[in-house]
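Reminder, nothing fancy here: chain letters follow the sequence lines and each chain counts from 1.
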2 protein chains.
Amino acid sequence: MKPTANRILVLRAMLTAQYPVSLPEMVQTLSTMDKSSIFRVLSVFQQHHVVHSIEDGSGVLKYEVCGGADGCTLSDMHTHFHCEVCRRTFCFKAIHIPPIELPEGFSMESVNYLVKGVCSDCAKKPR
Amino acid sequence: MKPTANRILVLRAMLTAQYPVSLPEMVQTLSTMDKSSIFRVLSVFQQHHVVHSIEDGSGVLKYEVCGGADGCTLSDMHTHFHCEVCRRTFCFKAIHIPPIELPEGFSMESVNYLVKGVCSDCAKKPR
DNA sequence: AAAGCCATGCACCCGGGTTGCAAAACGTCC
DNA sequence: GGACGTTTTGCAACCCGGGTGCATGGCTTT
């Protein structure tokens, strides 16, 4: 995988963001790049396990840089929280996903643990 | 909430399906109803906690009839499995979602525990 | 019977995701 | 350095799921 200028841009944008970002958000941020280019960069990143996508109930996919140096393993996956008021997504990096036992014959590729509710900020400031 | 003919149709279709169904699927099945009608029926059902929606990584929302007679509580939520080969969604009704401890100030409204991978059927029949 | 309300169907819009295609950038070999 | 093949990029367009505005029609209430 070659370190293209665009790829570096995307990766840097994702690293600086402290929460998972969506494609539309990146289109906003990286105004020099085209939507499809960002999309393709993200696809390549996913294939090479540099980033992974999560779904947070907002309806749009969010992307996140994988944790470990050797890509992201299952144990590295953490829980996510989607605030239904401010629509932000939080990574609870400290809270790992509790494992479950799959039925016979089923093999796991990835896990998503998503909590929806009200975040602490929005709980404090009632509108 | 009135038991309209259409609402009965939708509810019956959901009860007979043994896995969560998507809106497009219901449009296919209930050919007499319009997409927007089904959509609105599902919205009403969700407001009255008759059904709830889950996201299974396929990109489209799936709907499922709530379990308990008094609507679906958090403890009633179960895990879901999305097969990346046949694109079916399984309800592991027996496997409840293991709880996590949220940080201070965060309140939970709903939980989604989604596993992606290969189901037992697709594991048997290699293509 | 008249008025009001709600459900329905139709058309349409919106926005995220995705692809086809042609131009541009890059790397390589002579 | 020039020609060539490969990869990446930008543009345009498409697909599809979700959602809405509006007018009709049926049912209820007075």
Side-chain angles (χ1 to χ4, degrees), chain A residues 1-14 17 19-48 50-64 80 82 84 87-89 110 112 114 116, chain B residues 1-14 17 19-48 50-64 80 82 84 87-89 110 112 114 116:
Chain A
M1 183 168 51
K2 301 175 202 170
T4 317
N6 274 346
R7 292 182 180 163
I8 295 174
L9 274 180
V10 170
L11 189 58
R12 194 148 54 198
M14 298 198 63
Y19 47 81
V21 282
S22 65
L23 209 177
E25 277 168 6
M26 303 201 76
V27 172
Q28 191 85 345
T29 309
L30 307 170
S31 52
T32 64
M33 287 184 66
D34 187 70
K35 179 176 63 156
S36 62
S37 298
I38 303 177
F39 173 76
R40 282 190 260 243
V41 167
L42 288 174
S43 299
V44 174
F45 279 177
Q46 280 190 99
Q47 282 168 27
H48 290 67
V50 179
V51 307
H52 61 258
S53 66
I54 54 176
E55 22 204 338
D56 67 343
S58 67
V60 300
L61 279 182
K62 299 289 172 65
Y63 299 89
E64 191 177 34
H80 290 93
H82 179 70
E84 290 176 330
R87 312 230 150 247
R88 273 186 301 169
T89 299
S110 68
N112 248 265
L114 166 66
K116 286 191 241 182
Chain B
M1 184 168 51
K2 300 176 204 167
T4 317
N6 274 346
R7 292 183 180 163
I8 295 175
L9 273 180
V10 171
L11 189 58
R12 194 149 53 197
M14 299 198 62
Y19 47 82
V21 280
S22 65
L23 210 177
E25 277 168 4
M26 304 201 74
V27 172
Q28 192 85 346
T29 309
L30 307 171
S31 53
T32 64
M33 289 184 66
D34 186 70
K35 177 178 65 156
S36 62
S37 299
I38 304 178
F39 174 76
R40 283 190 258 244
V41 166
L42 288 174
S43 299
V44 175
F45 279 176
Q46 279 189 101
Q47 282 167 27
H48 290 65
V50 178
V51 308
H52 61 258
S53 65
I54 55 177
E55 22 202 339
D56 66 342
S58 67
V60 300
L61 279 182
K62 299 288 172 67
Y63 300 90
E64 189 177 35
H80 290 93
H82 180 70
E84 291 175 329
R87 311 230 151 249
R88 273 187 300 169
T89 300
S110 68
N112 248 264
L114 166 66
K116 286 191 242 184

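Residues A:Asp56 and A:Leu114 come closest through the heavy atom pair C-CD2, 3.5 Å.
How far CE of A:Met14 is from CD of A:Glu64: 7.5 Å, rounded to the nearest 0.5 Å. For the atom pair CD (A:Glu55) and OG (B:Ser58), the distance works out to 7.5 Å, reported to the nearest 0.5 Å.
In this structure, B:Phe39 places its CZ atom 15 Å from P of C:dA7, rounding to the nearest Å. Between B:His48 atom NE2 and C:dC6 atom P the separation is 12 Å, expressed in whole Å. In this structure, CD of A:Gln28 is placed 14 Å from C1' of C:dG16, rounded to the nearest angstrom. The separation between B:Lys62 atom NZ and D:dG17 atom C1' is 12 Å, rounded to whole Å. One atom, CG of B:Asp34, and another, C1' of D:dG21, lie 14 Å apart when rounded to the nearest Å. One atom, CD of A:Gln47, and another, P of D:dT7, lie 13 Å apart when rounded to the nearest Å. Protein atom CG of A:Leu42 is 13 Å distant from nucleotide atom C1' of C:dG16, rounded to whole Å. The NZ atom of A:Lys2 sits 11 Å away from the C1' atom of D:dG5 (whole-angstrom rounding).
Counting distance only, with no hydrogens placed and no angle test, the side-chain atoms of A:Ser36 and the base atoms of D:dC11 include a donor-acceptor pair under 3.5 Å. Evaluation of atom-type donor-acceptor distances gives no pair under 3.5 Å for the side chain of A:Arg40 against the base of C:dG17. With hydrogens and angles ignored, a donor-acceptor pair closer than 3.5 Å exists between the side chain of A:Lys35 and the base of C:dG17.
Using a 4.5 Å cut-off on side-chain heavy atoms (C-beta onward), A:Asn112 and A:Ile54 make contact. At a threshold of 4.5 Å between non-hydrogen side-chain atoms, the residues A:Ser110 and A:His52 do not count as touching.
The shortest distance between the side-chain N/O atoms of A:Thr4 and the OP1/OP2 oxygens of D:dT8 is not below 4.0 Å.
Qualifying salt bridge (Lys or Arg N to Asp or Glu O under 4.0 Å) partners for B:Arg87, counting only residues two or more places apart in sequence or in other chains: none. Considering only residues two or more places apart in sequence or on other chains, B:Ser22 meets the side chain to side chain contact (heavy atoms under 4.5 Å, CB included) condition with B:Pro24, B:Glu25, B:Val60, B:Lys62.
Residue A:Ser37 places its side chain closer to D:dT9 than to any other of D:dT9, C:dG16, C:dG9.
Recorded end-axis angle for the helix from C:dA1-D:dT30 to C:dC30-D:dG1 stands at 10°, based on five pairs per end and rounded to 10 degrees.
When the nearest nucleotides of DNA chain D are assigned to B:Gly59 and A:Asn6 by heavy-atom distance, the more 5′-ward of the two goes with A:Asn6.
Counting non-hydrogen atoms under 4.0 angstrom, B:Thr32 reaches the backbone sugars and phosphates but no base.
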